[in-house]
Amino acid sequence: MSVSLVISAVIILFLVIVQTVVPYLVKRTVVFGVTIPEQYLRDTKLTQYKKQYSIFTIVVGLIALAAYIGWAANNQLTEEQIIIVGTFIEFGIIIISLSLYFYFHGKIKQLKQVNKWTENLKQVKVTDLSIRSQDEMLPWFVFLLPMIITIGLMIYTIMNYHLLPDLIPTHWGPTGEPDAFTAKTPFTAVQMPGMLLLMQIMFIFVHIGTKKSGIKLSATNALASKRRQLGMRKYSSWLLFFVSFAVTIMFSYFQLSTIHPNLFEGTSLQLIIPFGFLALVLIATIIFSIKVGRSDKEIEPIIEGDITDIDEDRYWKGGLWYFNKNDPSIFVEKRFGIGYTLNFANPLGYLIVLVPLVIILLVSFFLN
Amino acid sequence: MMIQIEPDTDIPIYTQLTNQIIEGIARGHIKPGDSLPSVRSFAADLGVNMHTVNKSYHELEKKGIIQIVPKSGAVIIKHEGIDDVTYQKLKEDVKPHIAEAMVFGMTEEDIQQLVKSIIVELKEKN
């Protein structure tokens, strides 16, 4: 079996599993992007919809995966063909689960309206004045650590400019072998660590943006929502830091092996680095998702009076995109998935996420 | 301390915030010297406009309940006793409510009973 097939198959499997379990890991009071008052969460229709979605997604996903592996194993294919088809299948799975999501989103919206689930409940917003002192996100300056490594790497590259080959690799295949090159100039020599630095700057701003964003508590289950929100903030900052470090190590490895082609020759690092990176990031993401996803499911609610959280569905376009001009938060908790999404009504969010991406894309398309 | 607001009532959100913070101090949940969250994080946590929180903080500052200190934020002021100006203002504020109570036929005793029950409620530990 080729390396590309293994990697693609692992990613597809990961994707299928994640898409299958999503309804069970999202915030407890949101079902397929629709706010449901705590009082009605046990409605049999809702549990039935979740089950239907999950069964359909996993069956279709596993069939696609099996067909893909069978196809790749029985045909003489190039690595490129395998990767391209794998990518198509990944997109296909996302599109299928998204379509299912929209189908159930519509059904539940109707169900909520027909049953008048919010009609007789007083809608409130709550917060805890001392919540900020319980926030355990990493301090922002730890994100400077990987940046120092990157800057060191750039200085080292400039000092050893004469050692660099005339063709500098810009892309690596699944086995860690370079497969695209560009002519050597002082700019292209530090281009890769430069992009890494840009990415790390983006990480810092994502971190600060998350820290400044709201800690949203639920009126009907303050304890559970507090655990989930604080946990998500803490673990997402750890995850971001971990990814930042892992990416730095991988980029440093590639940069150093460009400067000193024989440095890692024959060592196990050659195999571990590209694979290890993928595996570690996937594992870290799974741990994060399960930890956060379960954090608000174990505490039973104590509902005092006929209250419910304010229905914010009107700010969630399609249940997926958040537009709320009044909310100063840059990032808010996703409604379908685990983690954060942008408040699209806040221009700061676009700045943090889009600017570095646009710069990276521009550099890779026009300067090479 | 938990803050709970109802966005869909006639009472403006900033007034609800002001009232709950004052009540929180009266109940002893917030103590003199404590600081309130920053305007930005408070607004973000509640998902309301920053102006709303700002308006409430300024109202509290005008009343002499908090002091807005650059960098440390809004700090609760310690009060030993009431001054004349505040006393007069409180009197003016309470007067229409007493008058309203009298219009509805409440006696002096009824009103005193009402005030007492409110004080008991505020002193209740919870």
Side-chain angles (χ1 to χ4, degrees), chain A residues 35 118-119 121-135 137 208-223 225-226 229-230 233 302 304-312 314-316 322-333 343 345-346 348-349, chain B residues 1-57 60 65-66 68 71-76 121 124 126:
Chain A
T35 310
T118 44
E119 211 124 293
L121 297 171
K122 193 166 77 179
Q123 296 188 10
V124 298
K125 284 182 172 190
V126 296
T127 185
D128 184 342
L129 280 183
S130 62
I131 195 81
R132 290 280 160 177
S133 60
Q134 297 166 48
D135 194 14
M137 284 180 84
I208 295 173
T210 311
K211 204 166 203 168
K212 285 188 179 296
S213 295
I215 307 176
K216 304 280 169 62
L217 298 186
S218 160
T220 43
N221 204 337
L223 207 61
S225 60
K226 190 159 135 188
Q229 285 279 297
L230 292 179
R233 288 166 73 88
I302 315 154
E304 287 174 28
D306 290 334
I307 56 166
T308 186
D309 289 305
I310 185 106
D311 195 332
E312 292 198 312
R314 67 197 122 150
Y315 300 124
W316 287 89
Y322 185 64
F323 285 86
N324 186 352
K325 274 204 300 278
N326 280 329
D327 188 350
S329 299
I330 297 168
F331 298 104
V332 288
E333 184 177 3
N343 176 4
N346 192 333
L348 272 178
Chain B
M1 186 193 97
M2 296 297 286
I3 295 277
Q4 179 176 320
I5 56 165
E6 286 170 54
D8 296 331
T9 54
D10 297 333
I11 310 165
I13 295 174
Y14 75 91
T15 311
Q16 295 186 39
L17 287 180
T18 307
N19 289 346
Q20 288 199 33
I21 291 169
I22 294 174
E23 205 179 303
I25 303 170
R27 284 179 187 272
H29 293 324
I30 321 172
K31 297 196 171 52
D34 286 357
S35 41
L36 295 176
S38 73
V39 171
R40 175 177 255 286
S41 57
F42 200 2
D45 293 349
L46 270 178
V48 300
N49 202 304
M50 286 203 279
H51 295 302
T52 309
V53 176
N54 214 2
K55 214 167 164 181
S56 164
Y57 279 16
L60 287 165
I65 289 169
I66 63 167
I68 296 174
K71 284 195 176 164
S72 25
V75 184
I76 314 292
E121 196 192 304
E124 235 172 47
N126 58 9

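Order of the sequence lines sets the chain letters (A, B, ...), proteins ahead of strands, with each chain counted from 1. Atoms considered below: every heavy atom in the structure, side chains included; atoms not considered: hydrogens, waters and symmetry mates.
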> If you count heavy-atom pairs under 4.5 Å with chain A, which of P37(B), A43(B), G24(B), S41(B) comes out on top?
S41(B)
> For I131(A), is it the side chain, the backbone, both or neither that has a heavy atom under 4.5 Å from a heavy atom of chain B?
side chain
> Hey, what do you get for OG (S35(B)) to CZ (R132(A)), rounding to the nearest 0.5 Å?
13.5 Å
> Examine whether an atom of I13(B) lies under 4.5 Å from a heavy atom of chain A, and if so say whether it belongs to the side chain, the backbone or both; otherwise answer neither.
neither
> So I307(A) and Q4(B), do their side chains get closer than 4.5 Å, heavy atoms only?
yes
> So which atom in S213(A) and which in A44(B) form the shortest heavy-atom distance, rounded to 0.1 Å?
C-CB, 4.0 Å
> Relative to chain A, which of D34(B), I21(B), V48(B), L36(B) shows the most heavy atom pairs under 4.5 Å?
V48(B)
> Which atoms form the tightest heavy-atom contact between G47(B) and N324(A), and what is the distance?
O-ND2, 4.3 Å
> Of all heavy-atom pairs between K125(A) and L46(B), which one has the smallest distance, and what is that distance?
CD-O, 3.1 Å
> Can you tell which part of K122(A) gets under 4.5 Å to a heavy atom of chain B, answering side chain, backbone, both or neither?
side chain
> Indicate the atoms forming the closest heavy-atom contact of I215(A) with D45(B), along with that distance.
N-OD1, 2.7 Å
> For chain B, find which of V332(A), V126(A), T127(A), I330(A) contributes the most heavy-atom pairs closer than 4.5 angstrom.
T127(A)
> If only atom types and distance count, is the side chain of D128(A) paired as donor or acceptor with the main-chain N or O of M1(B) below 3.5 Å?
yes
